[in-house]
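The analysis underlying the following values was restricted to heavy atoms, covering all of them including side chains, and did not include hydrogens, waters or symmetry mates.
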Amino acid sequence: MSFRILTGEIEHEANTFNKVPTTLEHFRAHGLLLGDKIPPARRGTRTALGAVFEASDKFGWTLSHPLAASATPGGTVTKETFEQLCAWFLAGADGCNGALINLHGAMVAEGCEDPEGEILARLRALLGPEGPIVVTLDLHANVTEKMAANASALIAVRTYPHIDYYERAWQGAKLLDRALRGEIHPRTVIAKRPMLEGLDYGRTQVGPMRELIARGEALEASGRALVVSVCAGFSLSDIYDVGPSVTITTDGDPVEAQRTAEEFMDYAWETREFRSLPPDSSIAEAVERAKAGEAGATKPLVLADNSDNPGGGAYGDATELLRAMIEADLQDAAFYAIFDPAAVQAGIAIGVGNTGRISLGGTHAPEMGGGPLDVEAHVVSITDGHFRCYGPSFQGGGAWRNFGPSLMLRVGGIEVAVISRNEQGTEVAQLTSLGIDPIYCATIALKSSHHFRAAFEPIARDVIRVDGGGMLGGALRSAYRHVRRPIWPLDDIKL
C-alpha cells in the first residue's frame with residue numbers, strides 16, 4: 001500500500017516582551033515556500049525537510065508539502081498571520097494517511113497561547129484518531145498537554161547548538177513508517193514542574209540536559225520507549241504553559257511511561273539552579289581583553305552579545321558593544337550585525353568605495369543597548385543578502401538564506417555588517433558573503449547566545465559572552481503576567 005503523507009514546517013519562537021508583532025511579511029522575509037517551491041529548496045539539504053524527502057523515496061510515500069514557513073524569533077504572531085499559515089498548511093492534509101512535520105514549539109499568537117497545540121488539534125480532527133502524526137521540535141519548545149494529546153510522537157532535537165534536525169526527522173520517519181504498517185501504535189505522555197526555566201537553558205554539552213538526554217537514549221535503545229524528548233522551554237514566552245518538559249512516546253504501558261517522565265522531571269527540578277557558564281562579562285571587560293590580545297593574534301577572540309540576540313527575539317540593533325569597540329580602536333575586528341534597513345539604504349546611496357556618515361541602529365529600544373550610533377564609514381561591499389550555508393547549524397545544511405540588502409562598512413579597524421532582515425550570527429557564510437574573512441580577524445563580535453558556537457568556537461582562541469545592555473540582558477521578572485503561579489524562580493517553591 002502506498003501512503004500519502006503530509007509534511008511541512010511552521011517555525012517561530014515568540015518573545016512576548018518584544019513589542020514588534022510578527023506578521024506574514026516576517027515569514028516571507030525569512031523563508032516562506034508554498035507547494036512546488038519546496039522540493040527544489042529542501043531536497044538534498046541536511047535539514048528536517050531534506051530528511052523527509054529522502055524518507056519518502058525510501059518508503060515509497062507520496063508527499064503532500066503545502067507549506068514551509070519560518071521567521072526569525074520575535075514578537076507575538078498576529079492572529080491573521082497564524083490563521084493564514086494554518087489554512088495553507090491544513091489544506092494539504094486532504095487524503096493523507098499520516099503526517100511528519102516540523103514545528104518549533106514556542107510560538108505564541110494573538111488570542112492563542114498554544115499555536116502548535118491548536119495546529120495539531122486541527123490536524124488530528126482531519127486525520128482521525130488513528131492517523132499517525134509525528135512532530136519534530138526545537139528543544140526550547142514550551143510543550144503542552146494539548147500538543148502531547150494530539151501528536152502520536154514529539155521528537156525534540158538533542159543538541160544546542162541545534163545540529164541534528166536532519167537526524168531527528170529521520171528518526172521520526174522510521175517511527176512513522178512502523179506506525180503506518182501497524183507495527184506500533186504510539187502515544188505520548190508529558191511531565192512538567194512549576195519551573196519558568198531550568199536544565200541550564202538547554203545546553204547539551206554538560207549538566208542535567210546532557211544527563212537526561214543520555215538516559216532517554218538508553219531507554220530508546222532498550223526498547224522501553226519509542227521516543228524520549230527533553231525540552232528546556234523558552235522562558236521569554238509569557239504564557240501559562242511555559243517551561244521545561246519531558247515527553248515519552250510509548251507503544252506499551254502509558255502508566256510506566258508517565259512514571260519515568262515524572263522521574264526525569266524530578267531530576268530537572270533538583271538541578272534547576274545548575275549553570276555551566278559563568279555570568280556574562282561587561283562590555284568594558286570584554287573590549288579590554290580584546291584590545292590586549294589583538295597584537296599577534298593567530299585566532300579570533302569571539303565576543304557574543306547575549307543581550308541582543310535575535311535568536312531570542314531581541315531587536316538586533318543595540319549599539320553599545322560596537323560603540324565601545326570603536327572607542328577602543330580595535331583593529332582587525334568584525335561585528336555581526338546591526339539590523340537596520342535604513343542604514344543599508346544610506347550605505348547604498350553613498351556607494352561602494354566611498355566614505356560617508358551613517359547612523360547605525362539603536363531605534364527599537366535605545367534605553368536597552370544604546371541609541372543610534374553615528375559613524376564615518378567606508379562602504380566596502382553591498383549584496384542582495386542571498387547566500388548558501390554549509391555550516392553545522394540547523395540553519396545550514398546547504399540551504400539558501402536571505403537577509404535582504406546587506407552591506408559591509410569599515411569603521412576604523414572594524415568591519416561592520418549591516419543587514420535588512422534580523423538574524424543572529426551562526427554561520428561563517430554570513431561574514432564571508434560580505435567579504436569578511438573570520439579566520440584572519442583578531443576579534444569577532446556576534447549577536448548570539450549559544451548557536452554561534454557550532455561554527456565559530458572551532459576557529460576561536462577563546463569565547464566571551466557579553467551583556468551588551470540589550471533586552472535579553474535586563475531583569476524581566478516583574479514583567480510576567482500570564483505564567484502559571486507559583487513558579488520558580490519568580491516564587492519560592494518547595495516540592
Return yes if a side-chain donor-acceptor contact under 3.5 Å exists between Glu167 and Gln171, otherwise no. no
Should the pair Glu220-Arg158 be classified as a salt bridge under the 4.0 Å nitrogen-to-oxygen rule? yes
Would you call the rings of His12 and Phe27 parallel, tilted or perpendicular, taking 30° and 60° as the class edges? tilted
Using a distance-only test with no angle check, is there a side-chain donor-acceptor pair under 3.5 angstrom linking His65 and Thr7? no
On a heavy-atom basis, the closest approach of Glu13 and His140 is OE2-CB, 3.6 Å
Suppose we call two aromatic rings close when their centres sit under 6.0 Å apart. Are Phe339 and Phe403 close by that rule? no
Pairwise side-chain contact, Pro438 with Ile459, heavy-atom cut-off 4.5 Å (strictly under): yes
State the CG-NZ distance between Asp177 and Lys58, to the nearest 0.5 angstrom. 8.0 Å
Show your reasoning for whether side-chain contact (heavy atoms from CB on, under 4.5 Å) applies to Lys447 and Tyr315. CA-CA 10 Å; Lys447 292 180 184 287; Tyr315 297 117; over 6 Å; no
Looking only at side-chain N and O atoms, does Tyr336 offer a donor or acceptor that is under 3.5 Å from a partner on Gln430? yes
Mind running side-chain contact (heavy atoms from CB on, under 4.5 Å) on Ile5 and Leu180 for me, showing each step along the way? CA-CA 10 Å; Ile5 302 301; Leu180 289 166; 3.6 Å; yes
Could you check whether any side-chain heavy atom of Leu67 comes within less than 4.5 Å of a side-chain heavy atom of Leu85, counting everything from C-beta outward? yes
Are Asp138 and Phe234 packed together at the side-chain level, in the sense that at least one heavy-atom pair is separated by less than 4.5 angstrom? no
Euclidean distance, Glu116 CD relative to Ile119 CD1, rounded to 0.5 Å: 6.0 Å
Test Arg215 against Glu263 for side-chain contact (heavy atoms from CB on, under 4.5 Å), laying out the working first. CA-CA 11 Å; Arg215 289 190 201 177; Glu263 289 179 354; 5.9 Å; no
Give a yes or no answer on whether the side chain of Asp467 reaches the backbone of Asn306 with a donor-acceptor pair at less than 3.5 Å. no
Counting only heavy atoms not in Asp253 (residues, nucleotides, ligands), do more than 12 fall under 6.0 Å from its CG? yes
Scanning both residues in full, the closest heavy-atom pair of Ser152 with Gly131 reads OG-O, 4.0 Å
Kindly compute the distance separating CZ (Arg168) from OG1 (Thr159), expressed to the nearest 0.5 Å. 8.0 Å
Check: His482 ring centre within less than 6.0 Å of Tyr480 ring centre: no
Without swapping roles, check the side chain of Glu11 against the backbone of Ala71 for a donor-acceptor pair under 3.5 Å. no
Residues Arg401, Glu423: salt bridge by 4.0 Å N-O rule: yes
Any ion pair linking Arg485 and Asp491 (charged N to carboxylate O, less than 4.0 Å)? yes
Does any donor atom in the side chain of Asp241 or Thr144 lie under 3.5 Å from an acceptor atom in the other side chain? no
Looking at every heavy atom in both Cys231 and Leu199, which two are closest together, and how far apart are they? O-CD1, 3.8 Å
Ionic contact status for Arg42 with Glu54, cut-off 4.0 Å: no
Once rounded to the nearest 0.5 Å, what's the spacing between atom CG of Asp308 and atom CG of Leu446? 12.5 Å
I'd like to know if the side chain of Thr249 pairs up with that of Thr188 as donor and acceptor (distance under 3.5 Å, no hydrogens or angles considered). yes
Do Glu256 and Arg259 meet the salt-bridge criterion of a basic N to acidic O distance under 4.0 Å? yes
Side-chain ion pair, Arg122 and Glu83, N-O less than 4.0 Å: yes
Atom pair CD (Glu211) and CZ (Phe264), whose distance is rounded to the nearest 0.5 Å: 8.5 Å
Using a strict cut-off of less than 4.0 Å between a Lys/Arg side-chain nitrogen and an Asp/Glu carboxylate oxygen, indicate whether Arg275 and Glu197 qualify as a salt bridge. yes
Enter the distance from Trp61:CH2 to Asn97:CG here, rounded to the nearest 0.5 Å. 11.0 Å
Close side-chain approach of Phe17 to Asp238, heavy-atom, < 4.5 Å: yes
Taking all non-hydrogen atoms of both residues into account, name the closest pair between Leu434 and Ala417 and its distance. CD1-CB, 3.7 Å
Shortest non-hydrogen contact between Val134 and Gly172, atoms and distance: CG1-CA, 3.7 Å
Minimum heavy-atom separation for Cys96 and Ser64, please, with both atom names. SG-CB, 3.9 Å
How about Asp384: does its CG atom have over 12 heavy atoms from other parts shown lying under 6.0 Å from it? yes
Please tell me if the side chains of Phe59 and Phe3 come closer than 4.5 Å, counting only heavy atoms from C-beta onward. no
